[in-house]
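Comments concern the structure below.
Small disclaimer: the values here were computed from a predicted structure and weren't measured. Count residues from 1 along the sequence.
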Amino acid sequence: MSEKFMHTVQYDGYGGGTSGLKHVEVPIPTPIRNEVLVKLEAASLNPVDWKIQKGQLRPLFPLNFPLIPLTDVSGEIVEVGEGVKKFKVGDKVVLMLNIFYGGGLAQFAVTNKRLMVARPPEVSAAEGAGLPIAGLTAHQAVTQAAGIKLDGTGQKQKNILVTAASGGVGHYAVQLAKLGNAHVTATCGARNIDLVKSLGADEVLDYKTPDGAALKSPSGRKYDAVIHCATSIPWSTFEPNLSAKGKVIDITPGPSAFSTCLVKMLTFSKKKLVPLMLYPKTENLECLVKLVKEGKLKTVIDSRHPLSKAEDAWAKSIDGHATGKIIVEIS
């Protein structure tokens, strides 16, 4: 029996940006025990994807070259390995591939069933593919780090600030915080103010204005938590805007964030900086898909690109000004 091949986009080493991406035909993988083969329909990009290529996360990622990048995908199961009982051929799914090995910019991918959930017909392939890293990061920041219950019960209303609120994580964080009955102040560029308001934000600041740069709530509120999705904002800007026990939840912490966190711990400060490291959980991904199905959460799609033009999606992600999620559609 002749071997079957699939189209992929991959890179052979660090650096190169879009010019480092290559379109390659490789054999379709075969699922082993506890794995499934998924025919991919959509994939979404996250900043971590091009940061891995740039070498910013070495020596941790990736483990091997060549690498087929992207982890956040949706598709249909076309083959199941021995031991798989929860899923069957024909099931539509949303999944997060192993970040060490990627695999999302391809027509097919194999995965174990650990971070895979059913995708109901009310959730499109693109909407589902946007959820794993960005949605789970927002979910963890809002529910675990900020302590907000998504049903809004049993708690005093919290004042939340979301920076870069029109981005991948930010636009989910605004919606989830509002589901939890928080008062949400958000920052974004001027062109996205109406969009962020439509997602539920109570106050929206243009980050290029003086008040936006200073993160000052128009209503004079102090923030119980800041879900910090932007970069290059110093602690000195956050601190005067925090409530007595306010915290900054940094979703992309660098060395300065960890040093500030340590200083605040050592000085017993009531105001804290909390570096957030994503711990993806299947039950949280199921929660997000359910919310999309019920119309309580939406994936804002910045742009759609065919697999044959994945370089365009890659360049747009590197540019850093996407509104919502960048999607690669895979036929």
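- In summary, the side chains of D151 and T153 do present a donor paired with an acceptor at a separation below 3.5 Å, with no hydrogens or angles considered.
- In this model, no donor atom of one side chain and acceptor atom of the other lie less than 3.5 Å apart for H171 and S166.
- Atom NZ of K271 is surrounded by more than 12 heavy atoms from other residues, nucleotides or ligands within 6.0 Å.
- Counting only N and O atoms by type, the side chains of N46 and K51 include no donor and acceptor under 3.5 Å apart.
- T18 and W314 share no side-chain donor-acceptor pair at under 3.5 Å.
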Q.
Checking K296 against L179 for the side chain to side chain contact (heavy atoms under 4.5 Å, CB included) test, could you report, in this order, the C-alpha distance in whole Å, the side-chain angles of both residues, the deciding distance, and whether it holds?
A. CA-CA 8 Å; K296 297 177 181 177; L179 284 176; 4.1 Å; yes

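- A distance-only check finds no donor-acceptor pair linking the side chain of T237 to the backbone of I233 [under 3.5 Å].
- Side-chain atoms of L242 and V226, non-hydrogen and from C-beta on, do get closer than 4.5 Å to each other.
- Hydrophobic clustering keeps V73 apart from I327 (ILVMFWY residues linked when any side-chain heavy atoms are closer than 4.5 Å, directly or through intermediates).
- Here the side chains of F100 and L67 are not in contact, with every heavy-atom distance at 4.5 Å or above.
- In terms of heavy atoms, G104 sits closest to A43 at O-CB, 3.8 Å.
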**Q.** From CA spacing to verdict: side chain to side chain contact (heavy atoms under 4.5 Å, CB included), H228, V162
**A.** CA-CA 6 Å; H228 183 33; V162 180; over 6 Å; no

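- No more than 12 heavy atoms of other residues, nucleotides or ligands shown are found within 6.0 angstrom of NZ on K309.
- Distance check, rounded to the nearest 0.5 Å: CD of Q53 to CD1 of I318 gives 6.0 Å.
- Closest heavy-atom contact between C229 and V169: SG-CG1, 3.9 Å.
- Expressed to the nearest 0.5 Å, how far OG of S308 lies from NE2 of H23 amounts to 7.0 Å.
- Cluster membership check: V174 shares its hydrophobic cluster with V300, using side-chain heavy-atom separations under 4.5 Å among Ile, Leu, Val, Met, Phe, Trp and Tyr.
- Residues T111 and N98 are not in side-chain contact: their nearest non-hydrogen atoms beyond the backbone lie 4.5 Å or more apart.
- A donor-acceptor pair under 3.5 Å is formed between the side chain of K247 and the backbone N or O of A145.
- The CZ atom of R119 lies 9.0 Å from the CD atom of E76; values are rounded to the nearest 0.5 Å.
- The environment of K92 atom NZ is dense: over 12 non-hydrogen atoms of other residues, nucleotides or ligands sit within 6.0 angstrom.
- W50 and V328 fall within the same hydrophobic cluster, defined by Ile, Leu, Val, Met, Phe, Trp and Tyr side-chain heavy atoms under 4.5 Å apart, directly or through other members.
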Q. Given I227 and I160, is the side chain to side chain contact (heavy atoms under 4.5 Å, CB included) satisfied, shown in steps?
A. CA-CA 7 Å; I227 299 174; I160 302 295; 4.2 Å; yes

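- Hydrophobic clustering, with ILVMFWY side chains joined whenever heavy atoms are under 4.5 angstrom apart, groups M6 together with V78.
- In the model, S219 has a side-chain atom that pairs as donor or acceptor with a side-chain atom of E203 under 3.5 Å.
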Contacts table for residues 83-90: side-chain donor-acceptor under 3.5 angstrom, sequence neighbours left out:
{"from": "K88", "atom 1": "NZ", "to": "D91", "atom 2": "OD1", "distance (Å)": "3.0"}

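- When all heavy atoms of I68 and A106 are compared, the pair lying nearest together is CG2-CB, 4.3 Å.
- Here the side chain of D72 pairs a donor or acceptor atom with the backbone of I133 at under 3.5 angstrom.
- Using modelled atom types, one side-chain atom of T282 and one backbone atom of R114 make a donor-acceptor pair closer than 3.5 Å.
- Of all heavy-atom pairs between A225 and I249, the closest is CB-CD1, 4.2 Å.
- Between Y279 and Q140, the closest side-chain pair of non-hydrogen atoms falls below 4.5 Å.
- Judged by distance alone, with hydrogens and angles left aside, the side-chain atoms of S44 form a donor-acceptor pair with the main-chain N or O of A129 at under 3.5 Å.
- Taking CD1 of I251 as the start and OG1 of T163 as the end, the distance is 7.5 Å to the nearest 0.5 Å.
- E329 and H305 form no side-chain donor-acceptor contact under 3.5 Å, judged by distance and modelled atom types alone.
- Of the possible polar contacts, one joining the N241 side chain to the A214 backbone as a donor-acceptor pair under 3.5 Å is found.
- Atom-to-atom distance recorded for L205:CG and S217:OG is 7.5 Å, nearest 0.5 angstrom.
- When side chains are defined from C-beta on, K22 does not count as touching V9, because their heavy atoms never get closer than 4.5 Å.
- Atom CZ in R33 sits 11.5 Å away from atom CD in E35 (nearest 0.5 Å).
- E127 places a side-chain N or O within donor-acceptor distance of the main-chain N or O of S124, the cut-off being under 3.5 Å.
- When all heavy atoms of H7 and Q107 are compared, the pair lying nearest together is N-OE1, 2.7 Å.
- V123 and L285 fall within the same hydrophobic cluster, defined by Ile, Leu, Val, Met, Phe, Trp and Tyr side-chain heavy atoms under 4.5 Å apart, directly or through other members.
- In this structure, the side chain of D224 engages the main chain of N159 through a donor-acceptor pair within 3.5 Å.
- The closest donor-acceptor contact from the side chain of Y172 to the backbone of G130 lies under 3.5 Å.
- At a threshold of 4.5 Å between non-hydrogen side-chain atoms, the residues L40 and V38 count as touching.
- Residues L150 and L176 are in side-chain contact: their nearest non-hydrogen atoms beyond the backbone lie under 4.5 Å apart.
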**Q.** From CA spacing to verdict: salt bridge (charged side-chain N to carboxylate O under 4.0 Å, His left out), E294, K290
**A.** CA-CA 6 Å; E294 295 172 348; K290 183 174 183 286; 2.6 Å; yes

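- A pairwise comparison of heavy atoms in A126 and T299 identifies O-CG2, 4.4 Å as the closest pair.
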Q. So L288 and L297, side chain to side chain contact (heavy atoms under 4.5 Å, CB included) or not? Walk me through it.
A. CA-CA 8 Å; L288 294 173; L297 181 70; 3.8 Å; yes

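- A side-chain donor-acceptor contact under 3.5 Å links K178 to the backbone of A182.
- F65 and Y11 have tilted rings, their planes meeting at an angle from 30° to 60° on a 0 to 90° scale.
- Taking 4.5 Å as the limit, every side-chain heavy atom of T71 sits out of range of all side-chain heavy atoms of L95.
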